[in-house]
Amino acid sequence: MKDRITGISSMATRQVLAELALAYETRSGCLVAIESVGGIDAAKRVQAGEPFDVVVLASDAIDRLIAAGRVVAGSRVDLVRSPVAVAVRAGAPRPDVSSEDAVKRAVLAARSLSYSTGPSGVHLTRQFERWGIAQEIKQRIVQAPPGVPVGALVARGEAEIGFQQLSELLHLPGIDVLGLLPEAIQYITIFSAGTCSGSPRAAAVRAMLDDMNSADAAQVKRRHGMEPA
């Protein structure tokens, strides 16, 4: 029987991991099955002791799982850097998002807006508070449930403007990606992998993660809107 690595990840890395895992399977003969769910749910399931070999989440979430003893200390491997982008429904007016002031104006002008429950959403919530507009826009925010792409709400017209990591917006139909958040308010999430405590396949996981950080893998990451970490 072939060796088989099981894993869990947040939705932000679903597509890039699927492509990298398939390439590794082809090269190594080791089967890889990675389930992608909302990041909060993924962390809860690993925390609850559900048996996986590897987990891929934002680096701070991996660090918390290491502190809790659910991920092996010293096993964290940073895989990608993921920026936040802005999208509107396909064919809709395209507001200027080229500067901090322009993004603020676009947010204030939008009848509805959406962002994720993940790191990018936490960042935006703080940004709206810094701008002093959090209360003003509170009733217009359409919260994307965990595991549901913000872009899907934008495509359906439930949110006029959406903010999420570029990797999650890039391949979605029905939306136009306006571009990345400007540098002054950009937020880069580092997604990392860790070997789950109790996994009997630690060596296999390490070999897979080394492959996922190879020069060939860098091209795949960029194609999915991310940079190698």
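Every heavy atom of this structure was used, including side-chain atoms; hydrogens, water molecules and symmetry mates were not. Fair warning: this is a prediction, and the values are worked out from it, not measured in the lab.
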NZ/NE/NH1/NH2 to OD/OE distance under 4.0 Å, Asp210 and Arg206: yes

Under-4.0 Å salt bridge between Arg45 and Asp41: no

If only atom types and distance count, is the side chain of [X] paired as donor or acceptor with the main-chain N or O of [Y] below 3.5 Å?
| X | Y | result |
| --- | --- | --- |
| Arg4 | Leu31 | no |
| Gln164 | Val84 | no |
| Ser9 | Ser36 | no |
| Lys221 | Met212 | yes |

How are the rings of Tyr187 and His123 set to each other: parallel, tilted or perpendicular (split at 30° and 60°)? parallel

Rounded distance [0.5 Å steps], CG in Leu65 versus CZ in Arg76: 12.0 Å

Between the CZ atom in Arg89 and the CZ atom in Arg94, the distance rounded to the nearest 0.5 Å is 15.5 Å

Search all heavy atoms of [X] against all heavy atoms of [Y] and return the closest pair with its distance.
| X | Y | value |
| --- | --- | --- |
| Leu57 | Ala42 | CD2-CB, 3.8 Å |
| Pro83 | Leu180 | CG-CD2, 3.8 Å |
| Val154 | Val88 | CG1-C, 3.3 Å |
| Leu153 | Ser114 | CD1-OG, 3.5 Å |

Quick one: do the Thr195 and Ser199 side chains pair a donor with an acceptor below 3.5 Å? no

Less than 4.5 Å apart, side chain to side chain, heavy atoms only: is that true for Trp131 and Val103? yes

